[in-house]
Amino acid sequence: MRIILLGKFGQLGWELHRSLLPLGPVYAYDQPEIDLGDPVRLRPILEQHQPDLIINATAYTAVDAAESNPELAFAINHDGAGFLAEEARRLRSALIHFSTDYIFDGQKGSPYTENDLPNPLGVYGESKLSGERAIEAIGPSYLIFRTSWVYSLRSESFVTKVLKWSRSNENLRVVSDQIGNPTWARVLSEATAQVIAKADQNTFDWIHEHQGVYHLAGSGHISRCDWAKAILKYDPKRAEQITTTIQPARTSDFPTPANRPLYSALNCDLFNNTFGFTLPPWQEALRLALENS
Ligand SMILES: NC(=O)c1ccc[n+]([C@@H]2O[C@H](COP(=O)([O-])OP(=O)(O)OC[C@H]3O[C@@H](n4cnc5c(N)ncnc54)[C@H](OP(=O)(O)O)[C@@H]3O)[C@@H](O)[C@H]2O)c1
């Protein structure tokens, strides 16, 4: 299976590069070699490799900056995604794309399923939702995995920030009214690779048969404040911490340019029922991620 991976330096793309290698040649790219904001330059690369599968791990992910850069967010998250779907159809390649819990408004109060109506609160969520819709409209062989609260230990993430704060602050205040599923980039990439392995050599048709949007995130949900507490609990270098208390705060205590959904937990049953497995509990993944850091 010939795979093109876009976004190889991102949190998820970095892990995907490793997880996909056993499945066939992986041709991996990122900025500045490619630019999803100017995707026509990608065409010769796609034609050269004639991929069976295109995996898009690129995105404009700066949630707050997107509020003042909507054109760029839409160029990458909508136009870029649509371009890849067009190219995938033209080359008879399957496409795997990632989307976000931020397409929901956070008002539901129980984990969101794929049947719940999206209603993004900000430009980032709007641009990702319109990217999903562009792919769905073009088809014909795609999987869209909506994930949430992705972290890795090799670049800045909520987990690395909490670890850093714990070395410099005795008291931390962390919002307790945002609830979601923490997702370690490595387990998300390994689950993606397992799905692809099921397709074997028949990638286009197999993905076409299973095509659609699936929620795929760490099992279980938690508030950011309790997630921060768990990060400090599982930190293998606890002796370096000077933090003694973590106090709950409200999202409204820390105004940001973008509104975020307060409750964006994802129900991943459809993925589990379709592909026969699920991501591990978020606590287990966090413990492993920290032990391996
Ligand atoms: N992070 C989260 O909490 C989260 C939550 C839900 C869903 N997701 C989704 O999961 C996927 C992976 O996210 P992630 O956390 O791995 O994101 P990430 O770490 O920000 O990685 C995105 C990658 O895309 C690259 N990129 C940005 N603009 C580009 C462009 N114009 N052309 C080509 N490449 C470009 C980035 O390069 P630079 O670093 O140079 O900009 C980076 O390497 C995305 O679809 C995201 O929307 C993420």
Side-chain angles (χ1 to χ4, degrees), residues 4-19 28-42 45-46 54-66 69 71-84 95-104 106 112 118 120 122-132 134-135 142-161 178 180-189 191-192 213-218 221 224 227 258 260-261 264-266 268 279 282 285:
I4 285 200
L5 168 65
L6 305 174
K8 68 174 176 177
F9 294 138
Q11 296 193 98
L12 176 60
W14 178 269
E15 298 292 348
L16 278 169
H17 201 176
R18 297 159 36 139
S19 304
Y29 295 89
D30 207 318
Q31 297 197 98
E33 208 174 352
I34 57 151
D35 179 3
L36 260 278
D38 181 14
V40 175
R41 276 173 38 206
L42 255 172
I45 295 177
L46 297 171
I54 299 168
I55 304 188
N56 181 24
T58 72
Y60 184 94
T61 54
V63 175
D64 287 320
N69 288 299
E71 294 83 8
L72 187 56
F74 271 84
I76 296 166
N77 293 343
H78 170 266
D79 303 351
F83 174 86
L84 290 178
L95 174 66
I96 295 184
H97 178 79
F98 295 88
S99 189
T100 172
D101 53 332
Y102 279 22
I103 61 145
F104 293 116
Y112 283 96
V123 170
Y124 168 70
E126 285 167 10
S127 66
K128 292 293 292 183
L129 178 61
S130 70
E132 286 185 13
I135 292 169
Y142 65 85
L143 296 172
I144 297 173
F145 294 142
R146 276 189 201 143
T147 189
S148 73
W149 292 18
V150 177
Y151 66 91
S152 84
L153 274 292
R154 57 165 291 278
S155 54
E156 187 172 270
S157 64
F158 183 76
V159 175
T160 60
K161 280 192 217 166
Q178 287 179 29
N181 310 50
T183 306
W184 185 21
R186 184 168 301 171
V187 291
L188 178 58
S189 77
T192 305
V213 175
Y214 296 90
H215 291 177
L216 179 59
H221 48 274
R224 279 206 189 264
W227 186 18
R260 287 159 168 76
S264 62
L266 298 178
C268 301
L279 297 194
W282 67 264

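For ligands, and for the atoms within them, numbers begin at 1 and follow the listed sequence. Numbering of residues begins at 1 and proceeds along the displayed sequence.
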(message) Would you say that Thr61 contacts Thr100 through its side chain, given a criterion of any heavy-atom pair below 4.5 Å between the two side chains?
(response) no
*Is there side-chain contact between Glu126 and Phe74, with at least one heavy-atom pair below 4.5 Å?*
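Yes, close enough: below the 4.5 Å cut-off.
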* Hey, is atom 21 (O) of ligand 1 touched by any protein heavy atom at less than 4.0 Å? -> yes
Among all protein heavy atoms, pick out the one at the shortest distance from [atom]; state its residue, atom name and that distance to 0.1 Å.
{"atom": "atom 3 (O) of ligand 1", "value": "Val150 N, 2.9 Å"}
{"atom": "atom 36 (C) of ligand 1", "value": "Asp30 OD1, 4.0 Å"}
{"atom": "atom 32 (N) of ligand 1", "value": "Leu36 N, 2.8 Å"}
{"atom": "atom 15 (O) of ligand 1", "value": "Gln11 NE2, 2.9 Å"}
{"atom": "atom 13 (O) of ligand 1", "value": "Thr61 CG2, 4.2 Å"}
{"atom": "atom 44 (C) of ligand 1", "value": "Ala59 CB, 3.5 Å"}
{"atom": "atom 6 (C) of ligand 1", "value": "Thr147 O, 3.2 Å"}
{"atom": "atom 31 (N) of ligand 1", "value": "Asp35 OD1, 2.9 Å"}

Counting heavy atoms under 4.0 Å, the part of Lys128 that contacts ligand 1 is side chain
Atoms of ligand 1 less than 4.0 Å from [X] heavy atoms?
{"X": "Thr100", "value": "6 (C), 7 (C)"}
{"X": "Phe9", "value": "43 (O)"}
{"X": "Phe98", "value": "10 (O), 11 (C), 45 (O)"}
{"X": "Ala57", "value": "12 (C), 22 (C), 23 (C)"}
{"X": "Ser148", "value": "5 (C), 6 (C)"}

query = With a 4.0 Å cut-off, would you call Arg260 and Asp64 a salt bridge?
reply =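 Looking at Arg260 and Asp64, the cut-off is met.
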Nearest to [atom] by heavy atom, [options]: which?
{"atom": "atom 9 (C) of ligand 1", "options": "Gly13, Ser99, Ala185", "value": "Ser99"}
{"atom": "atom 29 (C) of ligand 1", "options": "Glu156, Gln31, Glu15", "value": "Gln31"}
{"atom": "atom 46 (C) of ligand 1", "options": "Trp149, Tyr124, Tyr151", "value": "Tyr124"}

Sorted by chain and residue number, the side chain to side chain contact (heavy atoms under 4.5 Å, CB included) partners of Glu156 (sequence neighbours excluded) come out as Thr160, Lys161
Residues at least two apart in sequence or cross-chain that pass side chain to side chain contact (heavy atoms under 4.5 Å, CB included) with Ile135, listed by chain then number, are Ala81, Ala85, Leu95, His97, Tyr142, Ile144
Problem - ligand 1 contacted by Ser157 (non-hydrogen, < 4.0 Å) - result: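 Checking ligand 1 against Ser157, which is what was asked, there is no heavy-atom contact under 4.0 Å.
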- Message: Can you classify the ring geometry of Tyr112 versus Phe104 as parallel (below 30°), tilted (30 to 60°) or perpendicular (above 60°)?
- Response: parallel
